[in-house]
Amino acid sequence: MAYKFIDNYRERGARKKLVEHLKGRGIEDQKVLEAIAKVPRHFFFDETFWNQAYRDIAFPIGDGQTISQPYTVAYQSELLHVKRGDKVLEIGTGSGYQTCILLELGAEVYTIERQENLYQRTTQVLPYMGYKANFFLGDGSKGIAEHAPYDKIIVTAGAPFVPEIMLKQLKVGGIFVIPVGDEKSQKMVTIIRVGENDFDRIELDTFRFVPLVGDQAW
Ligand code: SAH
């Protein structure tokens, strides 16, 4: 792929329009909207497809994987209520776009991807863009116990069930956002750890993610 890192008025304008569109779809969190307005999503696309970068659609990024739809990224980010300095675990780095949004929100990000080529790409592209995250290669369906506990955990692939092991890696008061369902559709599930052994669970809208594949997954 031919990547180019130039952010022109055309792309900045397209981002503003995307933000307006997301507001229209119900995204209200000002910080999330500001992050979307800032991150150059077209940097994750081959230049040939720059005209697709600010449409509200998921898009193939190679290796059979996709960059999540902007609405989905905004939706999950809003649910996480990221505060500056929050330690956030992201499962499914993929393109790294969601990672950049979390970083713009002031999070300290731990992100894991199971596909080596995607891992290689993000470990190069994100620092080049000025984004510093802690990258890991491997099966994230078990979380990352070594760096636990986390303030927030976000899973960006569709899971068949909530991996218990990840709940243990959440701080009390922490928020866990994960799409759960079958291969065709998943409900966005938010879990708040209200006490050591006490979890509140809310089911929200339906989405379609690529599958979470691993030990505690498909
Ligand atoms: N957050 C990404 C979305 C990528 S799609 C973005 O903004 O673009 C989901 C990603 O999850 C894919 O790259 C897939 O390879 C990865 N994935 C699936 N199962 C995984 C697992 N068990 N551990 C880590 N990554 C996983």
Side-chain angles (χ1 to χ4, degrees), residues 1 3 18 22 32 35-36 38-46 49 52-80 82 88-105 107 109-126 129 131 133-147 150 152-166 169 176-183 186 188 207-218:
M1 291 231 240
Y3 291 107
L18 174 61
L22 294 174
V32 170
I36 302 262
K38 249 180 147 174
V39 178
R41 192 168 185 264
H42 63 288
F43 285 8
F44 299 96
F45 289 63
D46 185 286
F49 299 114
Q52 305 291 312
Y54 296 104
R55 292 181 59 202
D56 191 16
I57 52 169
F59 205 78
I61 53 167
D63 306 305
Q65 296 303 322
T66 53
I67 180 168
S68 299
Q69 185 177 347
Y71 175 69
T72 308
V73 171
Y75 187 99
Q76 283 195 291
S77 302
E78 193 163 63
L79 289 176
L80 276 183
V82 176
V88 179
L89 173 64
E90 179 193 25
I91 314 297
T93 317
S95 66
Y97 177 66
Q98 171 77 72
T99 314
C100 294
I101 298 292
L102 294 170
L103 290 166
E104 284 290 352
L105 291 170
V109 182
Y110 292 75
T111 185
I112 182 163
E113 171 57 53
R114 65 182 281 274
Q115 293 207 49
E116 188 163 4
N117 20 20
L118 294 177
Y119 164 81
Q120 296 292 358
R121 201 194 291 176
T122 47
T123 53
Q124 287 172 12
V125 170
L126 267 65
M129 289 169 69
Y131 290 114
N134 304 287
F135 297 99
F136 299 85
L137 172 65
D139 176 12
S141 71
K142 296 173 284 190
I144 308 179
E146 302 89 282
H147 296 282
Y150 305 96
K152 314 282 159 70
I153 302 177
I154 171 174
V155 179
T156 71
F161 53 85
V162 175
E164 285 290 320
I165 195 165
M166 269 199 242
Q169 297 176 22
F176 184 24
V177 176
I178 178 170
V180 182
D182 57 26
E183 291 95 329
Q186 303 89 32
M188 196 65 78
F207 292 84
R208 187 179 185 148
F209 284 79
V210 299
L212 182 73
V213 179
D215 186 63
Q216 295 297 307
W218 291 106

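All ligand and atom numbering here is 1-based and tracks the order in the structure. Both backbone and side-chain heavy atoms feed into the values below; hydrogens, waters and symmetry mates do not.
Residues forming a side chain to side chain donor-acceptor pair (under 3.5 Å) with N117 (at least two apart in sequence, or on another chain): D63. Residues forming a side chain to side chain donor-acceptor pair (under 3.5 Å) with T156 (at least two apart in sequence, or on another chain): none.
Taking 4.5 Å as the limit, every side-chain heavy atom of V180 sits out of range of all side-chain heavy atoms of Q186.
Because its NZ or CZ atom is both nearer than 6.0 Å to the ring centre of Y97 and within 45° of the ring axis, R41 counts as a cation-pi partner of that residue.
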Distance-only donor-acceptor hits, side chain of residues 98-105, under 3.5 Å, sequence neighbours excluded:
residue, atom, partner, partner atom, Å
Q98, NE2, S77, OG, 2.9
T99, OG1, E90, OE1, 2.6
E104, OE2, Y131, OH, 2.6

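Between F207 and Y71, the ring planes lie parallel to each other; the angle is under 30°, not in the 30° to 60° tilted range.
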Need the list: ligand 1 N/O atoms against protein N/O atoms, distance under 3.5 Å, rounded to one decimal.
residue, atom, partner, partner atom, Å
ligand 1, 1 (N), E90, OE2, 3.3
ligand 1, 1 (N), G92, O, 3.1
ligand 1, 1 (N), T156, OG1, 3.2
ligand 1, 7 (O), Q98, N, 3.2
ligand 1, 8 (O), S95, N, 3.4
ligand 1, 8 (O), S95, OG, 2.6
ligand 1, 13 (O), E113, OE1, 2.8
ligand 1, 13 (O), E113, OE2, 3.4
ligand 1, 15 (O), E113, OE2, 2.6
ligand 1, 19 (N), V213, N, 3.0
ligand 1, 22 (N), D139, OD1, 2.9
ligand 1, 22 (N), V213, O, 2.7
ligand 1, 23 (N), G140, N, 2.8
ligand 1, 25 (N), R114, N, 3.3

